[in-house]
Amino acid sequence: MSEREYDVIVIGAGTVGENVADRAKQGGMDTVIVEAELVGGECSYWACMPSKGLLRSAAALRAARDLDGAKQAITGDLDVAGVLRRRDRIAHDWNDDSQVRWLEQTGIDLVRGHAEFTGVKRVRVTAEDGTVTDLVARHAVAVSTGSAALLPDIPGLREIEPWTSRDATSAHVIPASLAILGGGVVGAEMATAYAGFGTKVTLIVRSTLLDHLEPFAGEMVEAALTKLGVTVRTGVEVTEAHRTDKNAVLTLSDGGRVVAEEVLVAIGRTPRTTDLGLERIGFQPGAWLAVDDTLLVKGTDWLYAVGDVNHRALLTHQGKYQARAAGDVIAARAKGLPVDDAPWGAHVATADHDHVPQVTFTDPEVASVGLTEAAAREAGRSIRVLDYDLSWIGGATTYADHYEGMARAIVDEDRGVLIGATFVGPDVAELLHSATVAIVGEVSIDRLWHAVPSYPTVSEVWLRWLEAYGRPPL
Ligand SMILES: Cc1cc2nc3c(=O)[nH]c(=O)nc-3n(C[C@H](O)[C@H](O)[C@H](O)COP(=O)(O)OP(=O)(O)OC[C@H]3O[C@@H](n4cnc5c(N)ncnc54)[C@H](O)[C@@H]3O)c2cc1C
């Protein structure tokens, strides 16, 4: 057994942990990172990257099929083997050499193995071969252990060995049929991907599809999935599951049955904190770790929780944003500097509250930021809702032959600024950052008239929103 001392210990080398470590290191902190699986974590190998890799080729093919002149050049179908090859490349064949090299170049030490707390600022790492390393932090420990797929307690479900998102994003054999439980982002994206491969997909949704977004988003995605051949069953739950020789059989709350070769459970996430020794430092194993805007775990002055594990916004970009804040804050506090509004630039993670951007990579895509109409009304804001059909825009006419899209802006009437925006349509992901900048920057509606969108682009929706809102009096 060996013992080593560092300024900062980061547990979990997912995208978020890497960024905490990087920022702390840049702040002059001697930093070590611990990883039990692959450096790069869920996003690189089993989530964002491979899932988008699975979606892109079929989306490109569908887009080309909607363009006279291009569609005539398409003589075959999607090459699924080619898609899987491309996905494997995007996931670096589940090899983390390049990420490890980056850690080495950055001067961050890596200890491979499973980490658990043995006490305050004390972490024990057990490697696969049983080697034990004890780490001691002079200043802080940051937990970035992420989240795992949540399996509900449905009779028989565990016994049928359902897929989780990890299986769906790394599969090398495409099932003939797939039942998906869950109508959130993962369920909707994987339904789109597997329908593109020719799999017979049934999507089972307890309420409505994408119910955390504007209602028209879920409705448009549901219509598109149905067109792709997906059976979408909303308002039902699975009550029992079992397997026959070849298939899984799911019983639904409305008495119906779904039979499929594989079952993907995508109903939510659970924190990876069950085997972290949290009980030794006064926390509940298996719980999310609640933090303040500096990512400090409430009730401590040394423990930080960053990324999925704090349950603020389970998205890579938001986790990386938190990571930059946490790394800065840890370095600042170690030097006795203030963190709020510090002139030297440390930031805290305030954008997690009302400014979170998110793209759902279905076809059509959904890109949203800030508050939905329902959330704004619930928060008691005085708002005006601006809706615009994107197919009426000149840029949409040149983009596709049958463009379907919709955009909604939420204006805070008291302050004359945007507080929410949602776009649904082909490739609208790239429209999103303009809305994020306008919302976070609190650009006034009057000022937005001077941000002129290029013609002919779908960004002209900004002009249409302003026209719908009404020109300021001369
Ligand atoms: C299918 C799917 C698609 C997604 N697509 C997107 C997307 O397009 N865009 C987006 O922004 N977000 C997406 N997400 C969410 C995104 O993947 C997560 O928000 C992100 O991975 C969280 O990063 P993290 O670093 O907090 O956790 P993780 O990436 O999970 O990293 C945690 C790391 O900690 C390690 N670890 C855990 N416990 C221990 C321990 N005790 N000791 C040592 N190491 C440990 C793990 O091995 C892991 O490497 C998607 C999620 C899923 C499931």
Side-chain angles (χ1 to χ4, degrees), residues 9-21 32-56 90-91 94 96 99 110-117 123-128 133 135 141-150 163-171 180 182 184-191 193 264-278 285 288-289 295 305-323 326 356-362 365-367 429 432:
I9 302 169
V10 180
I11 304 177
T15 329
V16 175
E18 287 179 314
N19 277 273
V20 178
V32 62
I33 195 163
V34 186
E35 176 51 52
E37 295 182 86
L38 294 176
V39 175
E42 209 70 15
C43 183
S44 307
Y45 304 104
W46 297 285
C48 333
M49 297 303 283
S51 64
K52 268 79 257 183
L54 290 178
L55 283 156
R56 178 72 193 129
I90 290 171
W94 293 271
D96 65 2
Q99 308 246 25
L110 169 66
V111 179
R112 286 200 186 265
H114 175 84
E116 58 184 315
F117 287 99
V123 171
R124 173 161 295 171
V125 185
T126 309
E128 252 183 51
T133 309
L135 301 172
V141 180
V143 177
S144 296
T145 50
S147 65
L150 178 68
W163 276 8
T164 67
S165 50
R166 279 198 172 198
D167 304 292
T169 53
S170 62
I180 303 178
V185 175
V186 175
E189 287 186 353
M190 288 301 100
L264 164 63
V265 179
I267 60 149
R269 309 287 296 172
T270 183
R272 291 183 73 176
T273 56
T274 42
D275 51 3
L276 205 53
L278 283 183
W288 301 101
L289 292 172
L295 290 316
V306 197
D308 277 16
V309 77
N310 64 31
H311 210 222
R312 280 163 76 101
L314 279 68
L315 291 162
T316 292
H317 46 273
Q318 224 53 34
K320 285 165 69 178
Y321 162 76
Q322 293 170 13
V356 176
Q358 175 167 27
V359 175
T360 306
F361 290 86
T362 41
E365 289 175 347
V366 181
L432 185 60

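Ligands are counted one by one from 1 in listed order, and the atoms in each one are counted from 1 as well.
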- Message: Measuring only between side-chain heavy atoms, which start at C-beta, is Y45 closer than 4.5 Å to S170?
- Response: no
- Note on the structure: For S51, the ligand 1 atoms with a heavy-atom partner under 4.0 Å come out as 3 (C)
- Message: To check your reading of the model: name the closest protein heavy atom to atom 32 (C) of ligand 1, its residue, and the distance in Å.
- Response: S144 O, 3.3 Å
- Task: Considering non-hydrogen atoms only, spot the tightest contact between M190 and I180 and give its length.
- Result: C-CD1, 3.9 Å
- Query: Below 4.0 Å from any atom of ligand 1, is there a heavy atom belonging to R269?
  - Reply: yes
- Task: Kindly indicate whether the side chain of R112, heavy atoms from C-beta on, has any atom under 4.5 Å from the side chain of D96.
- Result: yes
- Item | Identity and separation of the nearest protein heavy atom to atom 23 (O) of ligand 1 | V16 CG2, 3.6 Å
- Query: Which bit of T145 gets closer than 4.0 Å to ligand 1, counting heavy atoms only: side chain, backbone, both or neither?
  - Reply: both
- To the nearest 0.1 Å, how far is atom 8 (O) of ligand 1 from its closest protein heavy atom, and which atom is that? K52 NZ, 2.7 Å
- Message: Pair L295, V20 - check side chain to side chain contact (heavy atoms under 4.5 Å, CB included), show working.
- Response: CA-CA 11 Å; L295 290 316; V20 178; over 6 Å; no
- Query: Looking at G277 and F117, what are the two nearest heavy atoms and their distance?
  - Reply: O-CB, 3.7 Å
- For atom 34 (O) of ligand 1, what is the nearest protein heavy atom, given as residue, atom name and distance? G12 CA, 3.2 Å
- If you measure from each heavy atom of G319 to ligand 1, is any distance below 4.0 Å? no
- Message: Could you tell me, atom by atom, which parts of ligand 1 come under 4.0 Å of a heavy atom of T15?
- Response: 25 (O)
- Item | Min side-chain heavy-atom separation L110-E35 under 4.5 Å | yes
- Sequence neighbours excluded, which residues qualify as salt bridge (charged side-chain N to carboxylate O under 4.0 Å, His left out) partners of E18? none
- Of the backbone atoms (N, CA, C, O) and the side-chain heavy atoms from C-beta on, which set of M190 has a member under 4.0 Å from an atom of ligand 1: side chain, backbone, both, or neither? neither
- Message: Counting C-beta onward and ignoring hydrogens, is there a side-chain heavy-atom pair between D308 and V16 closer than 4.5 Å?
- Response: no
- Task: For K52, enumerate each residue passing the salt bridge (charged side-chain N to carboxylate O under 4.0 Å, His left out) test, keeping only those at least two apart in sequence or located in another chain.
- Result: E189
- Nearest protein heavy atom with distance in Å, relative to atom 3 (C) of ligand 1: A47 C, 3.5 Å
- Please report the shortest heavy-atom distance between G187 and A266, naming the atom on each side. N-CB, 4.0 Å
- Task: Report the nearest protein non-hydrogen atom to atom 48 (C) of ligand 1: residue, atom name, distance rounded to 0.1 Å.
- Result: E35 OE1, 3.6 Å
- Message: Checking the N or O distance criterion of under 3.5 Å, is ligand 1 in contact with W46?
- Response: no
- Note on the structure: Result for side-chain contact (heavy atoms from CB on, under 4.5 Å) between V34 and one of T133, V141, T145, V125 points to V125
- Message: Regarding ligand 1, does E189 bring an N or O atom to under 3.5 Å of one of the ligand's N or O atoms?
- Response: no
- List the atom of Q99, the atom of S44, and the distance in Å for their closest heavy-atom pair. NE2-OG, 3.4 Å
- Applying a 4.0 Å heavy-atom criterion (strictly less than), which segment of L276 is in contact with ligand 1: side chain, backbone, both, or neither? side chain
- List the closest protein heavy-atom neighbour of atom 15 (C) of ligand 1: residue, atom name, distance to the nearest 0.1 Å. L314 O, 3.7 Å
- Between the candidates V10, D308, L315, which shows the shortest non-hydrogen contact distance to atom 26 (O) of ligand 1? D308
- Task: From atom 41 (N) of ligand 1, work out which of A115, G187, G307, G146 has a heavy atom at the shortest distance.
- Result: A115
- Taking the non-hydrogen atoms of V39, is any one of them nearer than 4.0 angstrom to ligand 1? no
- Protein contact of atom 14 (N) of ligand 1 - nearest heavy atom, named by residue and atom, plus distance: C48 SG, 3.9 Å
- Contact (N/O only, under 3.5 Å) between T316 and ligand 1: yes
- Task: Go through ligand 1 atom by atom and flag the ones less than 4.0 Å from a non-hydrogen atom of H317.
- Result: 11 (O)
- Task: Report the part of C43 (side chain from C-beta onward, or backbone N, CA, C, O) that has a heavy atom under 4.0 Å from ligand 1; answer both or neither where that applies.
- Result: both
- What atoms of ligand 1 come within less than 4.0 Å of a heavy atom belonging to L38? 49 (O)
- Considering only heavy atoms of H114, which atoms of ligand 1 have at least one such atom less than 4.0 Å away? 40 (C), 41 (N), 42 (N)
- Message: With a 4.5 Å cut-off on side-chain heavy atoms, are C48 and E42 touching?
- Response: no
- Message: Is there a side chain to side chain contact (heavy atoms under 4.5 Å, CB included) between W46 and L38? Walk through the geometry before answering.
- Response: CA-CA 11 Å; W46 297 285; L38 294 176; 3.8 Å; yes
- Query: Roughly how far apart are C43 SG and H317 NE2, rounded to 0.5 Å?
  - Reply: 10.0 Å
- Query: Does atom CZ of R166 have more than 12 heavy-atom neighbours, drawn from other residues, nucleotides or ligands, at distances under 6.0 Å?
  - Reply: yes
- Return yes when G113 approaches ligand 1 closer than 4.0 angstrom through a heavy atom, no otherwise. yes
- Query: Is the shortest N/O to N/O distance between S165 and ligand 1 below 3.5 Å?
  - Reply: no
